[in-house]
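Beneath this line is the structure, given in structure tokens, with notes to follow.
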Amino acid sequence: MTVTEPVRTTVGGPELPQERRVVTDVPGPRSRELQARRQDAVAAGVASVLPVYVTAAGGGVLVDADGNSFIDLASGIGVTGVGNASPYVVERVHEQVDAFTHTCFMVAPYEGYVQVCEELAALTPGRHAKKSALFNSGAEAVENAVKIARASSGRDAVVVFDHAYHGRTNLTMAMTAKSMPYKHGFGPFAAEVYRVPMSYPFREPAPIDGPGAARRATQMIEKAVGADQVACVVIEPIQGEGGFVVPAPGFLPALASWCRENDVLLVADEIQSGFCRTGDWFACDHESVVPDLVTTAKGIAGGLPLAGVTGPAEVMDAVHVGGLGGTYGGNPLACAAALGAIATMHEQDLAARARTLGELMLGRLGELADRQPAVGDVRGRGAMVAIELVQPGTTEPDAALAAQVSAACHAEGVLTLTCGTYGNVLRFLPPLVMPEDLLVDAMDVVAANVSAAATS
Ligand code: PLZ
């Protein structure tokens with residue numbers, strides 16, 4: 001194939017044609033050219049799921065350098081819930097970039113940072129007095145939540161769960177469960193991190209309800225760590241990278257009660273599940289769980305790097321003055337983007353949109369599971385949905401099938417992601433502004449490819 005001039009779509013956002021369109025091989029010639037340049041310039045350790053080079057994105061699509069238009073079931077790993085180049089985000093960032101780009105909040109502050117903290121206090125679970133600190137990435141937020149928990153409790157131990165993902169920095173690698181690719185060869189890891197069993201209904205060896213699974217975890221904490229040694233229990237209310245694991249009902253409330261009884265801070269890592277993704281502002285809201293600290297990132301700012309830790313004023317203020325911060329944390333452009341994104345979530349009621357998209361996906365995928373025994377489980381909440389692929393009639397993971405289906409979807413113009421400790425989960429994280437007909441089309445492509453690959 002000769003290298004053709006790219007279709008130059010420089011303006012993205014919701015006005016982009018909302019369609020699946022594959023006009024070249026995937027990746028096409030322009031993307032392959034860029035991929036060759038990348039191979040010489042970009043470290044091999046940084047991988048890409050689908051090496052098509054994006055030129056514009058918006059609504060439910062990504063457009064690449066060859067003019068292909070992909071249905072986006074990734075949202076940049078759960079980031080662009082409001083869509084790419086979302087109008088209020090673009091507007092606010094434009095205004096901010098014209099005014100000033102950076103001062104460092106620790107040097108000379110600005111209103112946007114304060115406003116984002118006010119929003120976080122209002123939106124996160126619980127009506128108590130709350131304060132926040134802002135950072136650049138999810139991992140950095142988790143690190144800081146642990147710092148705050150340790151400073152306020154005077155204790156060292158951090159409890160995390162099987163299948164957890166909390167980041168790639170040294171402390172958060174220790175907190176993350178999966179070795180390859182996140183931890184392999186990168187140790188030694190931070191001390192005083194203890195892992196206990198998660199509630200993972202599909203993979204329980206014997207039936208156990210939510211409170212029972214919580215007791216299993218807290219008994220292990222009491223035996224192996226000692227409750228009075230624990231600064232915090234950190235949990236993703238719905239696990240992300242670990243496989244979109246939704247704990248059994250009652251698990252999170254029982255865990256929260258144990259934490260309260262033992263003066264242990266409960267940290268909800270809502271980095272992937274937060275900001276309307278699961279059909280409410282936060283995944284904890286579904287069972288009315290009020291965590292002590294909440295970590296946020298990803299969906300908060302429509303694609304600009306921003307993260308936060310929010311918690312009770314007295315816990316947050318236990319850290320000495322100057323103990324928290326960083327050069328870029330709460331950068332003015334990122335704060336402007338967050339205020340635009342949050343306004344969009346309110347105005348378009350994206351939590352309701354997430355529920356609608358979720359019902360649509362669960363419906364379609366449920367029908368697929370009924371006729372396809374390779375689909376062992378269909379689960380999720382709101383627009384955070386996944387299927388787990390297995391050897392039919394067992395719970396034996398089939399990672400090869402997940403990879404094969406994902407590649408086939410990519411070739412047909414649907415950007416899917418895999419995840420899970422066993423790599424056998426296909427997960428779906430559409431932008432919450434995705435048109436429904438486009439999502440139906442994407443689900444049909446997924447279903448057809450699961451059926452084709454499972455019976456081949
Ligand atoms: N906590 C729950 O989902 C990021 C990671 C992708 P950062 N998940 C996507 C990858 O392979 O690096 C995540 C998360 C939860 C923390 C994080 C970390 O957030 O912004 O990637 O540091």
Side-chain angles (χ1 to χ4, degrees), residues 43-50 73-81 124 134-147 158 160-184 186 190 193 198 232-247 252 266-275 277-278 282-284 291 293-310 326 328-331 334 337-338 380-384 386 406 415-421 423 425 427-429:
V46 183
S48 295
V49 170
L50 173 59
L73 297 184
S75 297
I77 322 191
V79 172
T80 51
T124 52
L134 303 182
F135 305 96
N136 304 290
S137 69
E140 213 188 337
V142 173
E143 291 252 354
N144 278 280
V146 171
K147 282 164 69 172
V158 174
V160 293
F161 288 82
D162 284 335
H163 313 289
Y165 183 92
H166 297 293
R168 293 176 182 265
T169 58
N170 187 264
L171 174 59
T172 58
M173 273 194 294
M175 297 168 70
T176 290
K178 192 173 175 177
S179 172
M180 202 57 156
Y182 309 121
K183 305 166 71 164
H184 185 83
F186 298 147
V193 175
M198 179 64 181
C232 57
V233 170
V234 184
I235 189 161
E236 300 155 84
I238 296 179
Q239 289 182 323
E241 305 306 306
F244 281 24
V245 178
V246 185
L252 292 171
L266 179 65
V267 181
D269 180 346
E270 292 258 16
I271 286 164
Q272 191 155 163
S273 56
F275 283 100
R277 173 56 55 187
T278 66
F282 292 93
C284 280
L293 299 176
V294 180
T295 57
T296 51
K298 291 188 185 279
I300 189 176
L304 274 84
L306 186 70
V309 180
T310 303
Y328 293 115
N331 168 274
R381 191 174 283 140
M384 185 170 183
S406 213
L415 174 50
T416 47
L417 296 177
T418 58
C419 67
T421 296
V425 177
R427 61 170 150 171
F428 310 111
L429 288 169

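Below, all heavy atoms of this structure are taken into account, side chains as well, without hydrogens, waters or symmetry copies. Atoms within each ligand, like the ligands themselves, are counted from 1 in listed order.
Both the backbone and the side chain of Tyr165 come within 4.0 Å of ligand 1, judged by heavy-atom distances.
For atom 7 (P) of ligand 1, the protein comes within 4.0 Å by at least one heavy atom.
Side chains of Tyr328 and Phe135 form no contact here, defined as non-hydrogen atoms less than 4.5 Å apart.
Between Glu241, Arg168, Glu143, it is Arg168 that holds the heavy atom closest to atom 11 (O) of ligand 1. Atom 4 (C) of ligand 1 has its nearest heavy-atom neighbour, among Glu236, Lys298, Glu270, Gln239, in Lys298.
Remark: ligand 1 atoms within the under-4.0 Å shell around heavy atoms of Gln272 are 3 (O), 8 (N). Close approach of ligand 1 to Ala139 (heavy-atom distance below 4.0 Å) involves ligand atoms 7 (P), 18 (C), 19 (O), 22 (O). Remark: ligand 1 atoms within the under-4.0 Å shell around heavy atoms of Tyr182 are 11 (O). Which parts of ligand 1 touch Ile77 is read off a 4.0 Å heavy-atom cut-off, strictly below it: atoms 6 (C), 9 (C). Less than 4.0 angstrom separates some heavy atom of Ile271 from each of these atoms of ligand 1: 1 (N), 13 (C), 14 (C), 15 (C), 16 (C), 17 (C). Ligand-side atoms of ligand 1 in range of Ser137: 20 (O), 22 (O), range being under 4.0 angstrom from any heavy atom.
Considering both main-chain and side-chain atoms, Gly138 comes within under 3.5 Å of ligand 1 through a nitrogen or oxygen pair. The shortest N/O to N/O separation between Asp269 and ligand 1 falls below 3.5 Å.
Here the shortest heavy-atom pairing between Ala386 and Val425 reads CB-CG1, 3.5 Å.
The main-chain N or O of Ile77 is found under 3.5 Å from a side-chain atom of Lys298 such that the two form a donor-acceptor pair. Between the side chain of Asn170 and the backbone N or O of Ala190, at least one donor-acceptor pair lies under 3.5 Å.
Atoms CZ and CD, on Phe244 and Gln272 in that order, are 5.0 Å from each other to the nearest 0.5 Å. To the nearest 0.5 Å, atom CD of residue Glu241 and atom NE2 of residue His166 are 11.5 Å apart. In this structure, the separation between CE on Met384 and CD1 on Ile238 is 5.5 Å, given to the nearest 0.5 Å.
Within a 6.0 Å sphere centred on OH of Tyr182, other residues, nucleotides and ligands contribute more than 12 heavy atoms.
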